[in-house]
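Only this structure's heavy atoms are used, side chains among them; waters, hydrogens and symmetry mates stay out.
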Amino acid sequence: MSLDQLIKKCKKQDAKAQEQLYRLYGSKLFSICLKYSNNYANAEDTLQDAFITIFDKIEQYKNKGSFEGWIKRIAINTALQKYRKQKVFEIVAEEQIEEIEVEIDEDQVSLDYLLKIIQQLPDRYRLVFNLYVLDGYSHKEIAEMLDISTGTSKSNLARARSILKEKIETNQEHHVQSIEG
């Protein structure tokens, strides 16, 4: 069955088609939910909520643009809604924020470790870091999505990078010590 046929059946609330759509996109959307959640259980809840929204709003999808892009935006927005309500952001003045670059020795830092330390970031830093670095949103777009100022977005990104840099450097030091010791 083609994607267009599957979408048409989902628009008619066909349970088998919905299950097939879930199987087709569940793991991709779960990885997005995991990126924006602070633990596995919250990511599972967010995925469930995202699919409920997808099935409720699938009538609004008009076959213009990528369907995958459309459902990814729903997953991201579902994750962000939980944090908007919590007011996890500190308002920051619009002064110039220092850009921090993080050097990563890919032989010493695994992708699993990176994802783990990103998940450990405080919510406000993790959300901005993921939106900016991993999903390519601008600070202006992030500010609108999270109802914060662009300065707050920049500040939270700088703080996230600083924390990640510190953890990576500590991890690399331990790695070198274990090789030397």
Taking all atoms of both residues into account, what is the closest heavy-atom pair of [X] and [Y], and its distance?
X: Trp70; Y: Ile58; answer: CH2-CA, 3.7 Å
X: Ser37; Y: Gln119; answer: O-NE2, 3.5 Å
X: Arg126; Y: Lys35; answer: CD-O, 3.4 Å
X: Tyr61; Y: Ser66; answer: OH-C, 3.8 Å
X: Thr150; Y: Ala143; answer: N-CB, 3.8 Å
X: Ala75; Y: Thr46; answer: O-CG2, 4.3 Å

Hey, does the side chain of [X] reach the backbone of [Y] with a donor-acceptor pair shorter than 3.5 angstrom?
X: Asn42; Y: Asn38; answer: no
X: Asp14; Y: Lys16; answer: yes
X: Gln5; Y: Ser2; answer: yes

If you draw a 6.0 Å radius around CD in Glu166, do more than 12 non-hydrogen atoms from other residues or ligands fall strictly inside? no
For atom CD of Glu68, is the number of surrounding heavy atoms from other residues, nucleotides or ligands below 6.0 Å larger than 12? yes
Show the numbers, then the answer: is there a side chain to side chain contact (heavy atoms under 4.5 Å, CB included) between Lys9 and Gln18? CA-CA 8 Å; Lys9 287 187 175 194; Gln18 290 175 335; over 6 Å; no
Under a plain distance cut-off of 3.5 Å, with no hydrogens placed, do Lys167 and Gln120 share a side-chain donor-acceptor pair? yes
Ser149 and Thr152 side chains, donor-acceptor separation under 3.5 Å: yes
Once the angle between the rings of Phe30 and Tyr40 is folded into 0 to 90°, is it parallel (under 30°), tilted (30 to 60°) or perpendicular (over 60°)? perpendicular
Run the side chain to side chain contact (heavy atoms under 4.5 Å, CB included) test on Tyr25 and Gln20 for me, step by step, so that the C-alpha distance in whole Å, both residues' side-chain angles and the decisive distance to 0.1 Å come before the verdict. CA-CA 9 Å; Tyr25 290 106; Gln20 196 172 348; over 6 Å; no
Distance check, rounded to the nearest 0.5 Å: [X] atom [atom1] versus [Y] atom [atom2]?
X: Ile117; Y: Leu164; atom1: CD1; atom2: CG; result: 5.0 Å
X: Ile148; Y: Ile142; atom1: CD1; atom2: CD1; result: 7.5 Å
X: Leu80; Y: Asp123; atom1: CG; atom2: CG; result: 11.0 Å
X: Leu21; Y: Ile7; atom1: CG; atom2: CD1; result: 7.0 Å
X: Leu29; Y: Ile74; atom1: CG; atom2: CD1; result: 9.0 Å

May I have the step-by-step check of side chain to side chain contact (heavy atoms under 4.5 Å, CB included) for Val133 and Arg161, ending in yes or no? CA-CA 10 Å; Val133 175; Arg161 283 182 168 159; 3.7 Å; yes
Hey, does [Y] have a side-chain heavy atom less than 4.5 Å from the side chain of [X]?
X: Ile32; Y: Asn130; value: no
X: Tyr36; Y: Leu131; value: yes
X: Leu24; Y: Leu3; value: yes
X: Leu146; Y: Ser153; value: no
X: Phe129; Y: Asp135; value: no
X: Tyr113; Y: Ile118; value: no

Stepwise, does the side chain to side chain contact (heavy atoms under 4.5 Å, CB included) test hold for Ile168 with Leu114? CA-CA 8 Å; Ile168 289 168; Leu114 279 176; 3.7 Å; yes
For residues 50-57, which side-chain donor-acceptor pairs fall under 3.5 Å, sequence neighbours excluded?
residue : atom : partner : partner atom : Å
Thr53   : OG1  : Asp49   : O            : 3.1

Knowing that exactly one of Leu127, Val128, Ile76 qualifies, which makes a side-chain contact (heavy atoms from CB on, under 4.5 Å) with Met145? Ile76
